[in-house]
2 protein chains.
Amino acid sequence: MNGVTIHQVAEAAGVSASTVSNVLNGRTDRMQPATLARVEQAIEQLSYRPNRAARMLRTGRIQVIGLIVPSVANPFWGALARELEAVALAEGYHVLLCNSERDPARELKYGEELLADGVSGVVLCSSLPSLDHVTPLLKRGLKMVAFDRAAQAGDPPSLASISVDNAMGAELATRHLLDLGHRRLAFVSGSVNSVNRRERLRGFRSALEEAGIDPAQGVVWPGAATSEFGDKESAELGRSAARELLSAPEPPTGFVAINDMCAIGVCRGARDAGLSAGREVSVVGFDDILLAELFEPPLTTVRQPLPEMAAETFQQLRAHIESTSGAGRSLLIRPRLVVRESTAAAPVGGLGAR
Amino acid sequence: MNGVTIHQVAEAAGVSASTVSNVLNGRTDRMQPATLARVEQAIEQLSYRPNRAARMLRTGRIQVIGLIVPSVANPFWGALARELEAVALAEGYHVLLCNSERDPARELKYGEELLADGVSGVVLCSSLPSLDHVTPLLKRGLKMVAFDRAAQAGDPPSLASISVDNAMGAELATRHLLDLGHRRLAFVSGSVNSVNRRERLRGFRSALEEAGIDPAQGVVWPGAATSEFGDKESAELGRSAARELLSAPEPPTGFVAINDMCAIGVCRGARDAGLSAGREVSVVGFDDILLAELFEPPLTTVRQPLPEMAAETFQQLRAHIESTSGAGRSLLIRPRLVVRESTAAAPVGGLGAR
DNA sequence: AAACGCTGGTAAATCGATGCAGTGAGGCTA
DNA sequence: TAGCCTCACTGCATCGATTTACCAGCGTTT
């Protein structure tokens with residue numbers, strides 16, 4: 001342990017502990033400059049650091065936020081964790097890491113622990129359709145912001161939500177394929193009932209409609225009835241989707257994948273079928289994970305601007321922490337299409353012409 | 001805040017706070033079963049959770065460990081973070097996440113903060129050749145274990161180190177290529193002076209020697225003089241290494257890459273040169289990140305058994321926390337070669353025959 | 001000169017859990 | 001029955017920072 005207490009500082013500066021406390025907490029406005037200087041010098045000399053436990057015991061709060069993600073082994077969540085930690089650190093907060101594995105029970109358990117730990121707030125990354133399981137925590141005073149999940153009707157009012165505009169992202173992706181001349185499009189989703197999936201599917205359909213194509217023409221690959229959410233599963237799903245869709249009559253030439261891992265799987269499935277992404281078929285991903293740029297071919301994808309989103313998330317959470325007022329403000333961040341090499345002009349006459 | 005204190009529990013159970021404290025801390029041996037039951041029931045009914053701040057103020061310790069990684073956005077560190085968090089959680093510890101960006105100054109600053117926070121211990125993931133910058137922390141009583149860095153002569157004696165046997169891993173990789181008939185081998189390293197790189201290079205050379213090949217025959221690509229360590233940089237470096245090496249006279253046919261991202265870059269560089277990994281050239285990676293299996297071609301690589309390593313790391317750290325004795329035990333974990341499709345028999349006559 | 005307000009501080013109570021020293025009841029020995 | 005133990009708990013000081021209550025000193029007002 002460090003061992004230097006506020007009293008030792010007070011003694012060294014020739015003042016009382018209260019005065020040192022006032023300095024530490026910025027209540028220096030009505031203070032003699034000389035006293036202030038003495039205290040600051042004493043703090044410096046003893047290299048005093050306030051004991052967080054004692055501080056928290058009084059204030060009931062600690063400069064720590066909890067981050068609950070499905071799994072930080074997933075590159076998207078890893079990248080978020082890094083960004084959020086950087087923002088938090090700059091504001092004097094530390095980040096406690098929790099991997100929920102997308103299990104509501106674990107999300108709840110983590111929430112309870114974090115509450116008991118006295119964390120200032122929690123960023124919950126959960127795309128479960130309902131967040132009812134955490135309302136007891138909110139009632140008990142836990143400050144929370146939901147990330148990567150747009151606000152839903154019926155959500156607890158005190159819960160702010162930060163998310164990319166999933167519908168817009170899918171629209172951007174779909175429109176890009178349409179602009180390249182693709183007319184047979186497929187929407188490949190690697191996960192079951194999440195809010196994001198529904199939104200992206202909605203964007204896909206509305207882009208088709210806007211282009212005068214019957215949305216029913218868009219092929220939707222619903223995914224197997226798997227409960228697995230991992231990267232490997234996403235990629236495998238994309239692969240089998242591509243293989244199956246491409247061996248059907250009138251196969252699609254453009255693919256909108258639910259995320260980048262799924263898009264990678266689609267590219268591999270296309271190769272299995274003797275076609276290649278960026279030539280005969282076009283594939284658009286979602287997220288723009290680091291790998292998207294490194295893959296062969298480099299993926300055209302919808303970028304979630306993580307640094308900006310992380311900063312917004314933290315600001316929302318802090319606003320929530322500092323104010324006692326209830327309602328949280330929700331934000332939809334505008335995504336951006338990053339065009340790389342997995343998309344190209346549609347082959348003349350479609351794949352039937354090969 | 002929760003609001004339920006130990007005194008309320010005590011009152012509800014009709015005992016003193018001390019007795020509740022005894023129950024909480026497992027000192028139940030001399031206790032009447034009936035009393036124990038009453039206390040436990042009261043805890044249950046009030047859904048009481050001990051206030052960690054108060055507990056820490058008394059004991060000076062908190063059930064939290066710090067994890068300092070270069071960047072959790074890197075899939076390897078993300079995977080470790082997840083494994084370690086799982087192990088820690090099972091033992092009742094939480095994990096505080098820190099991204100050092102491989103900056104010794106940041107490592108030190110995080111260490112100081114963690115010490116002030118009263119964390120039980122820290123896992124430091126740093127492959128810097130010297131850990132001198134953290135010795136002041138160790139002196140001040142911080143319990144620390146180094147991960148992914150074999151113990152070095154001159155390391156502080158109280159520092160345990162957990163690492164894969166890097167030399168053995170590189171030997172496995174190299175021997176595999178030799179067994180496939182490759183005779184012109186290159187060692188491609190994407191990073192500068194780290195302990196791991198040196199060890200892996202040593203393994204590469206000793207495998208050559210063992211096969212009766214002059215180690216000087218092995219081409220070592222030293223990497224550009226970059227200070228960047230990111231994934232993107234690793235991959236880019238692999239790519240330019242492959243392009244350059246393959247356009248030289250008598251190009252190598254087998255590549256040992258410093259890690260999987262670098263191996264992926266080498267594969268792309270080979271393609272740039274009109275060759276493909278798993279056919280004309282063979283590439284072995286290191287780490288076995290998730291992506292290794294998903295890449296095209298799936299990478300042959302040296303696996304670091306992360307779950308096992310994470311478990312060992314945590315056990316070492318806890319031993320260190322619980323005992324006051326100084327010396328830490330260091331461990332070298334045996335890696336395993338995972339053969340996939342990026343390696344194949346050497347082309348007859350080498351690449352000159354094409 | 002008494003009453004009042006303001007300044008620049010101090011002393012002491014407080015937060016909740018911990019763990020040692022202590023206590024009373026009951027049992028056992030001599 | 002006095003003396004001594006053991007059992008099974010309780011009382012209380014303690015950790016370090018915060019914060020409330022308070023006070024002395026000084027100038028101003030009435």
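The model shown is predicted, which means the values in this text are computed figures rather than measured ones. By convention in this document, chain letters (A, B, ...) are assigned in the order of the sequence lines, proteins followed by strands, and residues within each chain are numbered from 1.
In this pair, A/Phe147 and A/Phe76 present their aromatic rings tilted. The plane angle is within the 30 to 60° band.
If you walk DNA chain C from 5' to 3' and mark each nucleotide with an atom closer than 4.0 Å to a heavy atom of chain B, the marks span C/dG16 to C/dG19.
The interatomic distance linking B/Glu11 (CD) with D/dC9 (P) rounds to 18 Å, in whole Å. At whole-Å resolution of the value, CE in B/Met31 and P in D/dC9 are 6 Å apart. Remark: C1' of D/dA17 and OH of A/Tyr48 are 6 Å apart, rounded to the nearest angstrom. For the pair A/Ile6 CD1 and D/dC15 C1', the computed distance is 14 Å after rounding to whole Å. Across the protein-nucleic acid pair, B/Asp117 atom CG and D/dA17 atom P stand 14 Å apart, rounded to whole Å. Put simply, CG on A/Asn25 is 6 Å from P on D/dT19, counting in whole angstrom units.
Across all strands, B/Thr5 comes closer than 4.0 Å only to sugar-phosphate atoms, never to a base (heavy-atom distances). Residue B/Val20 is out of contact with every strand shown, counting any heavy-atom pair closer than 4.0 Å. Within the nucleic acid shown, B/Arg27 comes within 4.0 Å of sugar-phosphate atoms alone, with no base atom in reach, counting heavy atoms only.
Note on B/Asp103 versus B/Lys109: no salt bridge recorded, every NZ/NE/NH1/NH2 to OD/OE distance being 4.0 Å or above. The existence of a salt bridge linking B/Arg82 and A/Glu101 is confirmed by a sub-4.0 Å separation between a basic side-chain nitrogen and an acidic carboxylate oxygen.
Using modelled atom types, one side-chain atom of B/Asn51 and one backbone atom of B/Ala53 make a donor-acceptor pair closer than 3.5 Å. Side-chain atoms of A/His94 do not come within 3.5 Å of backbone N or O of B/Cys98 as any donor-acceptor pair.
Of all nucleotides listed (D/dC15, D/dA8, D/dT10), D/dT10 comes nearest to the side chain of B/Val15. The side chain of A/Asn51 sits closest to D/dA17 out of D/dT10, D/dT18, D/dA17.
Residues meeting the salt bridge (Lys or Arg N to Asp or Glu O under 4.0 Å) test with B/Glu312, sequence neighbours left out: none.
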Give every pair of a protein N or O atom and an N or O atom of nucleotides 12-14 of chain D that lie under 3.5 Å apart, one pair per line with the distance.
| residue | atom | partner | partner atom | Å |
| --- | --- | --- | --- | --- |
| D/dT14 | O2 | B/Arg58 | NH1 | 2.0 |

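Pairing each heavy atom of A/Ala310 with each of A/Leu84, the nearest pair is O-CD1, 3.6 Å. Heavy-atom minimum distance, B/Gln152 versus B/Val195: NE2-CG1, 3.2 Å.
The one candidate from B/Arg52, B/Gln63, B/Arg49 that meets the side chain to side chain donor-acceptor pair (under 3.5 Å) condition with A/Asp117 is B/Arg52.
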